[in-house]
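Report on the following structure.
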2 protein chains.
Amino acid sequence: MRDERNTDGTELALAGQPPLERSDAARNRQRILDAAAQLLAEKGPEAVTMNVVAQLAGIGVGTVYRRFGDLTQLLLALLDHRERQFQQAFLSGPMPLGPGAPPRDRLRAFLHALVDHVAEHQTVMLAAEAASPLARYTTGPYLAWHLHVSMLVRRIWPDADAGVMANLLLSLCPPSLIRHLTARQGITPEQIRMSIDQLLDAPPR
Amino acid sequence: MRDERNTDGTELALAGQPPLERSDAARNRQRILDAAAQLLAEKGPEAVTMNVVAQLAGIGVGTVYRRFGDLTQLLLALLDHRERQFQQAFLSGPMPLGPGAPPRDRLRAFLHALVDHVAEHQTVMLAAEAASPLARYTTGPYLAWHLHVSMLVRRIWPDADAGVMANLLLSLCPPSLIRHLTARQGITPEQIRMSIDQLLDAPPR
DNA sequence: TTGCTAACCGGATAGCTATCCGCGTACTCG
DNA sequence: CGAGTACGCGGATAGCTATCCGGTTAGCAA
């Protein structure tokens, strides 16, 4: 993955704000993530409990809580890598998702991509949502989505409340709904995207 | 308190099918609901736990689970009365919420009313959502909302997938979002209603 | 190398949800 | 009115999340 130690502390002079993680702490963080990922892959999201993760990682449960706060954050940490990819796609990727396209097209492309993104990671996201529903709105990824959509909304509906509107648009694909539609009703992400388009193109006067 | 038996059949509309509840069971159901309502009113939704409810009601915890299945359903049962009022309002109340108005106006009125309804009961609904996020989509109230909105959608967008579209519209006001906006951001239900309108009136080409 | 200290470790613990099963009782039928 | 039985009762239990705190160790400095 990466260096075991941040031996070169001297060079971190200007990045020195975070007080620097001790090497055993960094090692254990990685063990925890590995154990959680393994459990998730082999036995599904139900099996990812703090106790089991700690045991599999060979450390105490208290350590897991100190590193990740709670189960929700541990689960979300597993998605971190994919989340960064997604962010890069809509911040600086190719059109129409990335910059350059008209705001309306970018919004549509973003919502399409978000549906797929959520559908792909529904198990983890749903487990996180179950552990604490309000957490969603304060996670890094959500805030990034919100910022992006707000910007687009300001350009599409100049006199709307962009903050609220962005939240409404994002709530069109919560993990629980995606899961309900795809797993319990046999709906495909494609069908969901079509309905979203129809909703945004809206009013048959 | 009230009648020991459901001889009067108040709730049992046309159903003799359910094999009739034993009197001690009915008495305990009421005690549980009373205890839960009291806890909710006096100490907030956090305090409503199965153990505490059982103790306050003076019965065993096993009984609470047999009567209500799980915490989510117990909490939702507390809303049952209000839920029926709300249903009556959009099924047979005055225009524009009730029948008679153009579908588009009814949909708008329904979403406005739903925002208020959710905002009013956000604490209970949020606790229910936290206990199990997927339950939302299979509760009686949600199914009733969905049926109603589907009907309106079929008339507004005749060639849309009404089922999916209705779910999307309903997910515009999940308890968690309403709570997040009102409690943590200082947004009023009125502002949320305005943004919903703007979204539905949609596209500034 | 040695000593110091802040940070980390992890088992014990409290309180929760949900299930199980032997005991007790309300209702039915003769 | 009296006996049988199906249903309800509720304490004991397992497994979970999250917290706490005394013992331990990594990293730094001399």
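Residue numbers begin at 1 in each chain, while the letters A, B, ... track the order of the sequences. If you're wondering where the values come from, they're calculated on a predicted model, not measured in any experiment.
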(message) Just N and O in the side chain of B:Arg67: are any of them under 4.0 Å from OP1 or OP2 of D:dC9?
(response) yes
(message) Between B:Asn28 and D:dG8, is there a contact of a side-chain N or O with OP1 or OP2 at under 4.0 Å?
(response) no
(request) Apply ring pair (Phe, Tyr, Trp, His ring centres under 6.0 Å) to A:His112 and list each qualifying residue two or more places apart in sequence or on a separate chain. (result) none
For [X] and [N], give me the distance from atom [atom1] to atom [atom2], rounded to whole Å.
X: A:Gln55; N: C:dC9; atom1: CD; atom2: P; answer: 18 Å
X: B:Phe68; N: D:dC9; atom1: CZ; atom2: C1'; answer: 15 Å
X: B:Arg66; N: D:dG8; atom1: CZ; atom2: C1'; answer: 6 Å
X: A:Ile59; N: C:dG10; atom1: CD1; atom2: P; answer: 6 Å

(request) Begin from the C-alpha positions of A:Asp34 and A:Gln30 and carry the test side-chain hydrogen bond (donor to acceptor under 3.5 Å, both in side chains) through to its verdict. (result) CA-CA 6 Å; A:Asp34 291 345; A:Gln30 196 54 50; 3.1 Å; yes
(message) Of the options C:dA26, D:dG8, C:dG10, whose atoms approach the side-chain atoms of A:Thr63 most closely?
(response) C:dG10
(message) Heavy atoms only, 4.0 Å cut-off, all strands: where does B:Arg29 land among base, sugar-phosphate and nothing?
(response) nothing
(request) Test side-chain contact (heavy atoms from CB on, under 4.5 Å) on A:Leu200 and A:Leu111 and set out the steps. (result) CA-CA 11 Å; A:Leu200 288 185; A:Leu111 291 177; 3.7 Å; yes
(message) Using a strict threshold of under 4.0 Å (side-chain N to carboxylate O), is an ion pair present between A:Asp80 and A:Arg84?
(response) yes
(message) Testing the basics here: between A:Ile32 and A:Leu74, what is the closest heavy-atom pair and its distance to 0.1 Å?
(response) CG2-CD1, 3.9 Å
Protein-nucleotides 15-19 of chain D N/O pairs under 3.5 Å:
{"from": "D:dT17", "atom 1": "OP2", "to": "A:Met50", "atom 2": "N", "distance (Å)": "3.0"}
{"from": "D:dA18", "atom 1": "OP2", "to": "A:Leu71", "atom 2": "N", "distance (Å)": "3.3"}

(message) Quick check: do A:Ser176 and A:Leu126 have side-chain heavy atoms less than 4.5 Å from each other?
(response) yes
